[in-house]
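Below, all heavy atoms of this structure are taken into account, side chains as well, without hydrogens, waters or symmetry copies.
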Amino acid sequence: MLDSKPTLQTLLDHRSIRKYTGEPISDEMLVAVLEAGRAVSTSSFLQAASIIRVVDPAKRTALRQICCDMSEDQYNQALADGKRLGHGYVENCAEYLVFCMDAYRHNQLADVQTDWTEVAVIGAIDTALMAQNVLAAAESLGLGGVFIGSLRNDIRRAGEILGTPKHVVPLFGLCLGHPDMSSKINQSQRPRLPLDVLVSTDTYQVASDETLAAYNEVVKGYYNGRGIEMDWKDQIASTFGDDARPFMLEYLQEQGFCKR
């Protein structure tokens, strides 16, 4: 019988884990966390999500190249030049799972209209809920993980690597493993927005400039403590200040989603 931490303690202790001990995850643990994903709530019982477990080292390397926003040639040249490349955990974590929104089965079984934008919304929600269940279950068993949204840097290439057919979209990855808690990168939690910003009653409440400024200083202190000159405003600007993967809509439409 697996030893699992209490739910509330598990959720409140969450932090992204990017360095692992190298110990494999037992079959019993892996099945348990996948069963937790399978048990998740799903819109209208559509079960519009799937998981691809990536064990092939060559595929892991190719997916890491995407996360680094590099072609294979650029990646190999960077290695040859001795450059330090990120996202090493995609290759060296014990388990790498890719979560996909999936309308393929629905099209197999019935004559359906899955090209509506609402279907993509349903699929994205189902996929995120499943992934969160998997990670929470893993953390309750003493494992750790980190979600990998940079899989979408070249989502078309990711789909080719993973063999995803039409009506299936690889949305993000999840690295899982036994945490190396001697690593400082695993020891701290990023400060979240306060509840009075996140939670409104009856009507949406706009956060005050003063509250956001105070939170921005908290984040700045967190990053400065890690030797990084950045605050939350900088992080928002770096993410939303330029084109945000402008190829996404075209790819989603190629895969049979968001056509109307």
Side-chain angles (χ1 to χ4, degrees), residues 5-16 36-49 99-103 106 112-137 139-140 145-152 155 169 171-172 174 188-225 228 230-253 257-260:
K5 290 192 301 184
T7 301
L8 187 58
Q9 178 187 348
T10 297
L11 297 178
L12 292 177
D13 285 347
H14 167 72
R15 66 205 65 199
S16 292
R38 192 167 73 103
V40 75
S41 299
T42 170
S43 179
S44 300
F45 197 48
L46 291 170
Q47 303 179 83
F99 290 82
C100 306
M101 70 175 182
D102 188 349
H106 311 117
V112 290
Q113 301 178 41
T114 54
D115 57 347
W116 291 96
T117 299
E118 171 64 9
V119 176
V121 173
I122 288 170
I125 292 171
D126 266 21
T127 305
L129 291 173
M130 175 183 280
Q132 182 57 33
N133 252 33
V134 168
L135 180 57
E139 290 176 335
S140 79
V146 60
F147 287 118
I148 309 295
S150 51
L151 178 77
R152 299 190 301 278
I155 195 169
V169 174
L171 290 181
F172 52 89
L174 173 62
S188 59
Q189 288 179 299
R190 293 186 188 184
R192 282 354 193 218
L193 284 164
L195 279 180
D196 59 1
V197 173
L198 292 174
V199 181
S200 302
T201 301
D202 292 331
T203 303
Y204 183 84
Q205 179 64 50
V206 176
S208 70
D209 292 342
E210 293 77 13
T211 300
L212 290 179
Y215 174 70
N216 197 55
E217 287 301 309
V218 171
V219 175
K220 183 177 180 179
Y222 165 81
Y223 278 125
N224 287 349
I228 302 170
M230 187 168 68
D231 57 22
W232 199 50
K233 182 179 178 180
D234 294 333
Q235 187 144 25
I236 293 169
S238 68
T239 304
F240 292 150
D242 204 347
D243 295 348
R245 297 180 179 131
F247 47 80
M248 281 300 302
L249 179 59
E250 181 181 357
Y251 180 73
L252 289 171
Q253 291 175 339
F257 296 96
C258 298
K259 293 184 178 181
R260 49 183 169 162

Taking the side chain from [X] and the backbone from [Y], do they hold a donor-acceptor pair closer than 3.5 Å?
| X | Y | result |
| --- | --- | --- |
| R152 | L171 | yes |
| D231 | N216 | no |
| E139 | D13 | no |
| Q205 | V197 | no |
| D126 | S43 | yes |
| Q253 | K259 | no |

To check you understand the geometry: which heavy-atom pair defines the closest contact between [X] and [Y], and what is its length?
| X | Y | result |
| --- | --- | --- |
| C258 | L252 | SG-CD1, 4.1 Å |
| Y222 | Q189 | CE1-O, 3.6 Å |
| F172 | A131 | CE1-CB, 3.4 Å |
| T42 | A48 | OG1-N, 4.2 Å |
| G37 | V134 | CA-CG2, 3.7 Å |

Would you call [X] and [Y] a side-chain contact if the rule is heavy atoms closer than 4.5 Å?
| X | Y | answer |
| --- | --- | --- |
| P6 | L8 | no |
| C100 | T127 | no |
| Y215 | E217 | no |

[atom1]/[X] to [atom2]/[Y] distance, rounded to the nearest 0.5 angstrom?
| X | Y | atom1 | atom2 | answer |
| --- | --- | --- | --- | --- |
| S140 | L135 | OG | CG | 10.0 Å |
| Y251 | R245 | OH | CZ | 13.5 Å |
| K220 | K233 | NZ | NZ | 11.0 Å |
| F147 | Q132 | CZ | CD | 5.0 Å |
| M101 | I122 | CE | CD1 | 11.0 Å |
| W232 | L193 | CH2 | CG | 4.5 Å |

> Would you find more than 12 non-hydrogen atoms of other residues, nucleotides or ligands less than 6.0 Å from K5 atom NZ?
Replying inline: yes

Determine all donor-acceptor pairs shorter than 3.5 Å in which one atom belongs to a side chain in residues 114-121; sequence neighbours excluded.
from	atom 1	to	atom 2	distance (Å)
T114	OG1	N107	ND2	3.1
D115	OD1	R260	NE	3.0
D115	OD1	R260	NH2	3.0
D115	OD2	R260	NE	3.3
W116	NE1	Q113	OE1	3.1
T117	OG1	R260	O	2.9

